[in-house]
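Source: prediction; values computed, not measured.
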Amino acid sequence: MLSAHRPRSRSTAGVLGGGKDLDLAVAAAGNTDVIRAKTRTMEHLGLKRDIEDMLITLSNQYHLIRPLKGRDGNGLFLYLVLDKAKSNLAMARHQLKRIEAELEV
């Protein structure tokens, strides 16, 4: 399940996958707050680095959030949910990086 999300507007730009167990639009909107909180914390700590990705591990799922940077500085993020028993986390991170490189934001 993959979602591209616009943090400032709280709108989902696109969704691939999903299902009865997970509403990606709701999850992506909630993860906007996660990104904002982490960004604020980094600012308070004086960390001048970009977030490459964020991983949330549940008992049966991986949730990957990969912030993207647009030309105007307004970001999008890719949000990927994986079944923990059936997925390869390293490969998923690699594929998200590849997808990001192919996107024109």
Side-chain angles (χ1 to χ4, degrees):
M1 293 174 258
L2 178 66
S3 174
H5 194 75
R6 303 173 201 272
R8 288 189 180 202
S9 67
R10 291 186 160 251
S11 67
T12 302
V15 174
L16 177 63
K20 63 180 171 80
D21 296 331
L22 180 65
D23 183 333
L24 279 176
V26 172
N31 282 313
T32 297
D33 294 332
V34 172
I35 292 174
R36 286 182 180 152
K38 185 59 185 173
T39 301
R40 263 192 319 274
T41 301
M42 290 174 62
E43 288 171 1
H44 291 301
L45 293 171
L47 299 175
K48 307 271 189 228
R49 304 283 184 201
D50 291 329
I51 297 171
E52 185 173 326
D53 63 36
M54 300 169 84
L55 170 64
I56 300 166
T57 304
L58 304 180
S59 59
N60 64 340
Q61 295 176 332
Y62 293 121
H63 292 231
L64 276 168
I65 304 166
R66 187 169 183 90
L68 308 175
K69 299 270 189 206
R71 281 176 247 139
D72 59 0
N74 294 331
L76 292 170
F77 65 87
L78 296 174
Y79 174 57
L80 178 66
V81 179
L82 301 165
D83 182 320
K84 199 171 174 182
K86 299 176 184 176
S87 60
N88 179 321
L89 183 57
M91 183 58 73
R93 292 181 75 214
H94 176 74
Q95 290 294 340
L96 275 182
K97 194 173 188 179
R98 185 186 60 76
I99 291 167
E100 177 186 12
E102 294 176 5
L103 288 176
E104 276 191 43
V105 183

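The CG atom of L68 sits 11.5 Å away from the CG atom of D50 when rounded to the nearest 0.5 Å. Rounding to the nearest 0.5 angstrom, the gap separating the NE2 atom in H63 from the CG atom in L80 is 9.5 Å. Atom-to-atom distance recorded for Q95:CD and N88:CG is 10.0 Å, nearest 0.5 angstrom. Between atom CG of residue L82 and atom CG of residue N60 there is a gap of 11.5 Å, rounded to the nearest 0.5 Å. Residue I65 holds its CD1 atom at 11.0 Å from CG of L96, rounded to the nearest 0.5 Å.
Around NZ of K97, the count of heavy atoms belonging to other residues, nucleotides or ligands within 6.0 Å does not exceed 12.
Nearest heavy-atom pair across P67 and F77 is CA-CB, 3.7 Å.
A side chain to side chain donor-acceptor pair (under 3.5 Å) with R98 is found for one member of E102, E100, H94 and no other, namely E102.
Residues M42 and I51 have side chains in contact (heavy-atom distance under 4.5 Å, counting atoms from C-beta outward). Side-chain contact between L55 and R93 is absent, with no heavy atoms from C-beta onward closer than 4.5 Å. Side chains of L103 and L76 form no contact here, defined as non-hydrogen atoms less than 4.5 Å apart. When side chains are defined from C-beta on, I56 counts as touching N31, because their heavy atoms get closer than 4.5 Å.
Among residues two or more places apart in sequence or in another chain, the salt bridge (Lys or Arg N to Asp or Glu O under 4.0 Å) test is passed with R49 by none. With sequence neighbours excluded, no residue forms a side-chain hydrogen bond (donor to acceptor under 3.5 Å, both in side chains) with E43.
Connection of M91 to V81 is not established within any shared hydrophobic cluster, with ILVMFWY side chains joined at heavy-atom distances below 4.5 Å, either directly or through further cluster members.
Checked by atom type and distance alone, the side chain of R66 never pairs as donor or acceptor with a backbone atom of M54 at under 3.5 Å.
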